[in-house]
Amino acid sequence: MPAIWSAAKACFAGLALAAGALAPTPEAAMSRFVTLNNARGLGSAEGKALLAGELDGADTPGMGELAPADRLVRIGADSAVARIPATAGGAPDLYWFLARRGDGWSLVGMRTLALTGIVAESRRLLRALPTRTAEQEADLRNAELTLAPDRELLAWAAAHRALLAQVRAAPGSAEADRAVKAAGGHDARREGGIVFLSIGGILDNEVGFLFPLAGPPPMMDASGYIWIEPAVDGWYLFKTT
């Protein structure tokens with residue numbers, strides 16, 4: 001009898017998943033997504049139920065092998081963002097937006113730093129030069145840092161605490177800008193109550209560090225700050241789109 005009951009429970013669990021039962025937490029939804037993606041199972045009933053919003057009906061067998069999410073941040077009670085980290089093969093950091101649907105969670109969108117093709121091509125050409133001028137060396141440092149994964153950017157911030165302190169003290173000064181460029185960044189500025197150390201990017205697609213002078217950092221969303229993560233000394237890594 002116990003064996004029959006166990007088999008029945010397994011059958012009912014399978015039927016629930018096939019019917020599109022949602023994950024009870026965003027963490028569980030991300031784990032299920034990665035597992036299904038890597039098993040090419042996103043086209044199953046379970047996989048289709050897991051995708052909503054912009055991803056609803058996405059006609060794709062998967063995105064290749066994905067690593068597990070290494071960080072998940074809740075945004076209020078009904079939203080969250082999870083990062084799947086960059087791979088050694090060159091895939092960038094990916095930021096997955098999740099939303100509560102009833103009693104469960106679904107993935108509703110994906111973002112990454114966009115328009116990086118121009119920066120990547122510039123890096124390729126600069127790397128190929130047999131010799132480089134000082135200006136070209138600076139351009140290469142900036143391209144490398146702009147395209148670096150989050151883990152390397154956080155390490156850069158930890159290694160440049162003195163620079164971050166200088167930028168915080170005088171974000172609009174020529175001295176701060178020169179120091180930022182020498183370290184591989186682009187510029188420093190203040191906008192309202194936030195100090196920015198910009199690494200680089202194209203148009204509205206920017207990566208860098210921000211320091212809120214008062215209050216919390218900006219809130220993440222799919223159309224603005226797609227990622228914000230504590231760095232060092234009150235600074236935050238950010239990416240926008």
Side-chain angles (χ1 to χ4, degrees), residues 9-58 60-89 91-114 148-155 157-158 207 210 216-232 235-241:
K9 285 198 295 183
C11 178
F12 285 132
L15 288 173
L17 290 177
L22 296 178
T25 66
E27 292 84 358
M30 280 305 302
S31 177
R32 186 178 293 181
F33 168 73
V34 171
T35 297
L36 286 170
N37 174 82
N38 292 350
R40 295 181 174 82
L42 289 179
S44 66
E46 182 184 3
K48 291 177 180 178
L50 192 58
L51 305 179
E54 297 174 7
L55 303 177
D56 187 22
T60 174
M63 298 187 60
E65 192 76 11
L66 292 176
D70 68 344
R71 185 176 177 86
L72 185 144
V73 182
R74 296 219 185 194
I75 309 170
D78 300 319
S79 302
V81 187
R83 175 180 60 205
I84 290 182
T87 66
D93 295 292
L94 301 174
Y95 309 103
W96 297 87
F97 286 77
L98 301 98
R100 186 191 298 275
R101 293 171 61 206
D103 294 330
W105 288 79
S106 294
L107 283 79
V108 296
M110 188 275 285
R111 297 291 185 272
T112 190
L113 186 65
D150 291 354
R151 57 180 175 270
E152 293 182 14
L153 290 167
L154 292 169
V207 57
L210 62 82
M219 187 171 289
M220 285 184 278
D221 67 75
S223 60
Y225 288 93
I226 59 173
W227 189 249
I228 292 180
E229 180 176 2
V232 293
W235 287 84
Y236 293 82
L237 170 67
F238 77 88
K239 287 182 179 174
T240 63
T241 190

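Treat the numbers as computed from the prediction; the structure is a model and nothing was measured.
Taking both residues in full, the closest heavy atoms of P230 and R71 are given as CD-NH2, 3.5 Å, listed atom of the first, atom of the second, then distance. Nearest heavy atoms, L153 versus A148: CD1-O, 3.6 Å. When all heavy atoms of S106 and A52 are compared, the pair lying nearest together is CB-CB, 4.0 Å. Heavy atoms only, all atoms of each residue included: G109 and E54 are closest at CA-OE1, 3.9 Å. Annotation for A157 and V232: closest pair O-CG2, 3.8 Å, computed over non-hydrogen atoms. Contact between P26 and A80 at its shortest, heavy atoms only, is CB-CB, 4.0 Å.
Put simply, the side chain of L98 reaches to within 4.5 Å of the side chain of L107, judged on heavy atoms. Using a 4.5 Å heavy-atom threshold, the side chains of I228 and M219 count as separate.
For S31 (side chain) and E27 (main-chain N/O), no donor-acceptor pair under 3.5 Å exists by modelled atom type. Between the side chain of R83 and the backbone N or O of D70, no donor-acceptor pair lies under 3.5 Å. In this structure, N38 contributes its side chain and L66 its backbone to a donor-acceptor pair below 3.5 Å.
F97 contributes atom CZ, which lies 11.5 Å from atom CG of L55 (distance to the nearest 0.5 angstrom). To the nearest 0.5 Å, the span separating CE on M220 from CH2 on W227 amounts to 5.5 Å. Rounded to the nearest 0.5 angstrom, E65 CD and R40 CZ are separated by 8.0 Å. One distance of note links CG of L36 with CG of L50; it measures 6.5 Å at 0.5 Å rounding. Here L51 contributes atom CG and M110 contributes atom CE; the two are 11.5 Å apart, rounded to the nearest 0.5 Å. For the atom pair CD1 (I226) and CG (D221), the distance works out to 10.0 Å, reported to the nearest 0.5 Å.
With salt bridges taken as basic N to acidic carboxylate O contacts below 4.0 Å, none links K239 and E229.
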Exercise for review: Go through the steps to decide whether V207 and L237 satisfy the test side chain to side chain contact (heavy atoms under 4.5 Å, CB included), and finish with yes or no.
Suggested key: CA-CA 8 Å; V207 57; L237 170 67; 4.2 Å; yes

**Study point:** Step-by-step side chain to side chain contact (heavy atoms under 4.5 Å, CB included) determination, M30 to I84
**Key:** CA-CA 9 Å; M30 280 305 302; I84 290 182; 3.9 Å; yes

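Shown here are the side chain to side chain donor-acceptor pair (under 3.5 Å) partners of W96, two or more places apart in sequence or in another chain: there are none. Listed by chain and number, the residues in a side-chain contact (heavy atoms from CB on, under 4.5 Å) with P149 are A86, D93, R151, E152 (sequence neighbours excluded). With sequence neighbours excluded, the residues satisfying side chain to side chain donor-acceptor pair (under 3.5 Å) with T241 are N205.
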